[in-house]
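Worksheet: one structure, shown below.
The first residue of the sequence shown is numbered 1, and numbering continues consecutively from there.
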Amino acid sequence: MPPRPQTDLDVEALVRQLKGGDTAASSLFPHVDVLANAGPGDATMYVAFRVAKSGLPVRMAGPDEPAHLIKQVNDFETYAYSSARLADALGTTAPKARAIANHLGLTSDLVYSKLCRLPDGSRALRYSEQARRLIAQQLPLLDQVSI
């Protein structure tokens, strides 16, 4: 029988275990403790974990991070609008869209915008759906000449 897909509830269950003080690898990751060396004597066993695209966006925290598990978020889903796409959605130009977002204070609030790292390594300010809705609501009320 194939294993069932993991869900956010599984991650939340792991977090509850960790908060409850249960940090034993055998309880956090069942079936890993059944791995054993088949031969006599001491040996080092290396275990590799395969991460599939269909799995949960979770990674183990590093030793300098104050967590055990870190859930990763796709910024390009949360902040789906570039300046040009935001401008198209609002029926204006990209410089005006950026100026309005800046005027409304959206560029300093993570609910509305975030400076995201692009696949080529550069960084660009991206906007959320909430930013688009707020700007669309405020646009008729704004004096665009003064902005």
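Pairing each heavy atom of Val111 with each of Ser128, the nearest pair is O-OG, 2.8 Å. Considering every non-hydrogen atom in both Ala80 and Arg85, the closest pair reads O-NH1, 2.8 Å. Tyr127 and Ser113 get closest at one heavy-atom pair: CD2-CB, 3.8 Å. The two residues Ala87 and Ala94 have their closest heavy-atom pair at CB-N, 3.4 Å.
To the nearest 0.5 Å, atoms CD1 (Ile100) and OG1 (Thr107) are separated by 13.0 Å. Rounding to the nearest 0.5 Å places CD of Gln137 at 10.0 Å from CG of Leu104. Of the inter-residue distances, the one linking His103 atom NE2 with Lys96 atom NZ reads 14.5 Å to the nearest 0.5 angstrom. Of the inter-residue distances, the one linking Leu125 atom CG with Ser82 atom OG reads 10.0 Å to the nearest 0.5 angstrom. To the nearest 0.5 angstrom, Lys114 atom NZ is 13.0 Å from Asp109 atom CG.
Annotation: side chain of Arg132 is in contact with side chain of Leu86 (closest heavy-atom distance under 4.5 Å).
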side-chain contact (heavy atoms from CB on, under 4.5 Å) assessment of Asp75 paired with Arg126 = CA-CA 9 Å; Asp75 286 339; Arg126 306 278 298 184; over 6 Å; no
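Hydrophobic clustering places Tyr112 together with Leu142 (ILVMFWY residues linked when any side-chain heavy atoms are closer than 4.5 Å, directly or through intermediates). Grouping the Ile, Leu, Val, Met, Phe, Trp and Tyr side chains by contacts below 4.5 angstrom, directly or via other members, places Leu115 apart from Leu118. Under a hydrophobic-cluster definition in which Ile, Leu, Val, Met, Phe, Trp and Tyr are linked whenever side-chain heavy atoms come within less than 4.5 Å, directly or via other members, Tyr79 and Leu90 are assigned to different clusters.
The closest side-chain donor-acceptor pair between Tyr81 and Glu129 falls under 3.5 angstrom.
With sequence neighbours excluded, the residues satisfying side chain to side chain contact (heavy atoms under 4.5 Å, CB included) with Arg117 are Arg123. Residues forming a side chain to side chain contact (heavy atoms under 4.5 Å, CB included) with Pro95 (at least two apart in sequence, or on another chain): Thr93, Arg98.
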